[in-house]
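Notes follow once the structure below has been shown.
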Amino acid sequence: MRTGAPEVPATGVWAEVVGQPDAVRTLHAAAEAARAQVRGEPVPPGAMTHAWLFTGPPGSGRSIAARAFAAALECEDPGVLGCGRCTACRTVLHGTHADVKLVVPEGLSISVAEMRALVQAAARRPSTGQWRVVLIEDSDRLTEGAANALLKAVEEPPPRTVFLLCAPSDHPEDVSVTIRSRCRVVQLRTPLSDAIAEVLRERDGIEPQLAEWAADVCGGHIGRARRLATDEQARERRESVLRIPLGLQRFADVFTAASGLVKLAETEAVTANEERNETEREELKTAMGAGGTGKGTASATRGANAALKELEKRQKSRATRSQRDALDLALVDLAGFYRDVLVTRTGSRSALNHPDFARSSQKAAAEWTSESTLRRLEAVLECRTALTQNVKPLIAAEAMLATLFTG
């Protein structure tokens with residue numbers, strides 16, 4: 001712990017930011033400076049800035065930390081920053097605050113048209129809160145044109161507007177150098193398994209043994225730990241993926257396993273989006289006057305059909321992204337297995353990614369050389385790269401599994 005820096009109680013909106021005490025202290029101090037700035041009081045230079053970049057590995061809670069900070073900026077409680085109880089805090093966390101615009105990309109990228117509209121909205125003064133906040137999750141998905149549109153706003157920000165960007169890292173491949181240079185970076189770390197287990201037990205009511213298992217195998221990803229602890233199908237999908245390495249007995253198994261891997265990702269994407277898709281369709285039909293009779297209904301029906309086609313296009317794009325994300329998560333699990341094999345072969349005491357599959361990794365370590373294990377690991381990482389370059393998932397999976405079979 002940093003000496004001389006007061007600990008921020010893990011209450012209110014800050015309770016959601018798990019295992020990130022340094023980041024919470026930084027954000028809480030900035031929110032205090034922002035409140036003083038609104039009151040017209042002098043604040044130290046750099047205590048509060050107009051652009052922030054939240055970085056960290058998947059599951060570290062980048063968007064959660066950004067939302068907590070946005071809530072603290074808008075918090076109405078005069079004594080507590082980010083109380084979590086006032087109307088402002090609740091609406092920010094639920095994504096319904098009038099002055100907090102959340103951009104959660106549902107497709108594979110954020111378009112320039114979407115960003116230009118966002119920049120125009122950000123130029124307005126706050127309507128109900130103290131700040132107008134623009135929070136962009138997965139800002140590494142900005143197209144070049146969208147990044148340029150955002151850069152203009154970040155270079156000349158309106159006086160009461162704050163930009164919060166979330167990305168895996170501040171590397172130029174994730175965030176352009178020019179945008180990065182105008183942001184204050186908040187680096188999040190992978191939460192420790194003990195902290196994740198505590199959250200699952202205390203906040204989600206998960207049975208202690210299940211909570212500890214989920215925290216140990218989630219790879220530091222809080223959201224995934226919660227899914228594994230509460231969703232039996234998620235546990236079954238993970239087991240199916242981790243049975244692949246030792247299940248490749250014949251070359252024909254390559255194609256069976258590739259098809260199954262892609263099918264698992266498709267199923268997870270459908271499960272994640274099915275209910276939401278149906279709700280969106282019904283809401284749109286109602287908004288467009290579905291089922292109406294009388295004069296003008298033909299024109300309304302044509303308009304509704306066009307709107308439904310546009311909605312279906314967005315939903316298809318969201319499904320594609322969900323499938324890619326689910327497949328990537330499976331590849332991360334596979335990479336973790338091969339890493340466990342190397343740990344076992346070297347006799348290291350490092351913790352395993354998949355302790356419940358220790359027997360499988362021990363068996364593989366006895367049968368494979370370190371060199372062939374590394375080749376398999378590299379094949380998994382190359383498959384992840386191929387997916388980011390829009391290679392068809394089945395083709396990428398088959399190429400990877402061919403190497404996993406041959407070593």
Side-chain angles (χ1 to χ4, degrees), residues 57-59 190-194 196-197 200 209-225 227-229 231-265 268 326-385 387 396-407:
T190 299
L192 298 177
S193 59
D194 288 346
I196 297 174
L200 295 179
Q209 186 174 358
L210 180 57
E212 291 177 9
W213 170 82
D216 285 340
V217 304
C218 70
H221 195 301
I222 301 169
R224 192 177 189 215
R227 282 198 300 275
L228 288 171
D231 186 349
E232 185 177 355
Q233 290 183 337
R235 295 194 288 271
E236 291 174 354
R237 286 193 291 268
R238 172 180 173 272
E239 290 181 7
S240 296
V241 170
L242 292 175
R243 284 196 295 267
I244 288 176
L246 295 184
L248 299 174
Q249 300 298 318
R250 303 171 302 160
F251 194 75
D253 294 336
V254 166
F255 303 100
T256 303
S259 177
L261 191 60
V262 174
K263 188 65 177 178
L264 279 175
E268 187 165 350
L327 184 53
D328 186 69
L329 188 58
L331 296 178
V332 170
D333 278 340
L334 277 177
F337 178 84
Y338 292 110
R339 178 259 184 195
D340 287 352
V341 175
L342 290 171
V343 167
T344 303
R345 280 192 58 80
T346 59
S348 171
R349 295 184 179 180
S350 299
L352 298 179
N353 287 95
H354 305 294
D356 52 336
F357 275 76
R359 287 187 179 180
S360 296
S361 56
Q362 288 168 1
K363 185 175 186 298
E367 296 177 359
W368 302 340
T369 65
S370 296
E371 291 77 8
S372 67
T373 304
L374 278 172
R375 284 194 293 270
R376 290 177 167 99
L377 177 56
E378 288 171 355
V380 176
L381 301 180
E382 287 171 0
C383 184
R384 295 187 69 195
T385 301
L387 290 175
E398 287 176 347
M400 172 191 71
L401 283 157
T403 302
L404 299 189
F405 173 74
T406 61

* Please confirm whether the backbone N or O of Leu246 pairs with a side-chain atom of Gln249, one donor and one acceptor, at under 3.5 Å? => yes
* Asked: How many angstroms lie between atom OG1 of Thr373 and atom CG of Asp340, to the nearest 0.5 angstrom?
  -> 11.5 Å
* Could you go step by step and tell me if Leu228 and Trp213 meet the side-chain contact (heavy atoms from CB on, under 4.5 Å) rule? -> CA-CA 9 Å; Leu228 288 171; Trp213 170 82; 4.0 Å; yes
* About how many Å separate CG of Leu342 and OG of Ser350, when rounded to the nearest 0.5 Å? -> 11.5 Å
* Rounded to the nearest 0.5 Å, what's the gap from CZ on Arg375 to CH2 on Trp368? Could you check? => 12.0 Å
* How many angstroms lie between atom CG of Leu329 and atom CG of Leu264, to the nearest 0.5 angstrom? -> 11.5 Å
* Which atoms form the tightest heavy-atom contact between Ser361 and Leu352, and what is the distance? -> OG-CD1, 4.5 Å
* **Minimum heavy-atom distance Thr369-Arg345, with the two atoms named** => C-NE, 3.8 Å
* List the steps, then state whether side-chain contact (heavy atoms from CB on, under 4.5 Å) holds for Val332 with Arg384. => CA-CA 9 Å; Val332 170; Arg384 295 187 69 195; 3.7 Å; yes
* Hey, are the side chains of Arg250 and Asp253 touching, using non-hydrogen atoms and a 4.5 Å cut-off? -> yes
* If you take all heavy atoms of Gly219 and Thr190, which pair is closest and at what distance? -> O-CG2, 4.0 Å
* Contact check, side chains of Val343 and Arg339, non-hydrogen atoms, under 4.5 Å -> yes
* Asked: Does Ser240 reach the side chain of Lys263, with side-chain heavy atoms less than 4.5 Å apart?
  -> no
* Asked: How about Leu242 and Ser360: do any of their side-chain heavy atoms sit closer than 4.5 Å?
  -> no
* Asked: Under a 4.5 Å cut-off applied to non-hydrogen side-chain atoms, are Leu331 and Met400 in contact?
  -> yes
* **Distance in Å, Leu261 CG paired with Leu327 CG, rounded so as to fall on 0.5 Å steps** => 5.0 Å
* Structure fact -> Rounded to the nearest 0.5 angstrom, the OG-CG distance for Ser372 and Leu377 is 11.5 Å
* **Worked verdict on Gln209 versus Glu212 for side-chain contact (heavy atoms from CB on, under 4.5 Å)** => CA-CA 5 Å; Gln209 186 174 358; Glu212 291 177 9; 5.8 Å; no
* Asked: Can you list the steps and then say if Leu404 with Val254 is a side-chain contact (heavy atoms from CB on, under 4.5 Å)?
  -> CA-CA 9 Å; Leu404 299 189; Val254 166; over 6 Å; no
* Please report the closest heavy-atom contact between Leu200 and Ala214, naming both atoms and the distance. => CD1-CB, 4.0 Å
* Which pair of heavy atoms, one from Ala397 and one from Cys383, lies closest together, and at what distance? -> N-SG, 4.1 Å
* Taking the side chain as every heavy atom from C-beta outward, state whether Pro245 and Leu334 have any pair of such atoms under 4.5 Å apart. => yes
* Do Ser259 side-chain atoms and Thr256 backbone N/O form a donor-acceptor pair below 3.5 Å? -> no
* Structure fact -> Heavy-atom closest pair (Ile244 atom, Ala257 atom, distance to 0.1 Å) is CG2-CB, 4.5 Å
* Asked: Do the side chain of Arg238 and the main chain of Asp333 share a donor and acceptor less than 3.5 angstrom apart?
  -> no
* Hey, is the main chain of Cys218 close enough, under 3.5 Å, to the side chain of Arg224 for a donor-acceptor pair? -> no
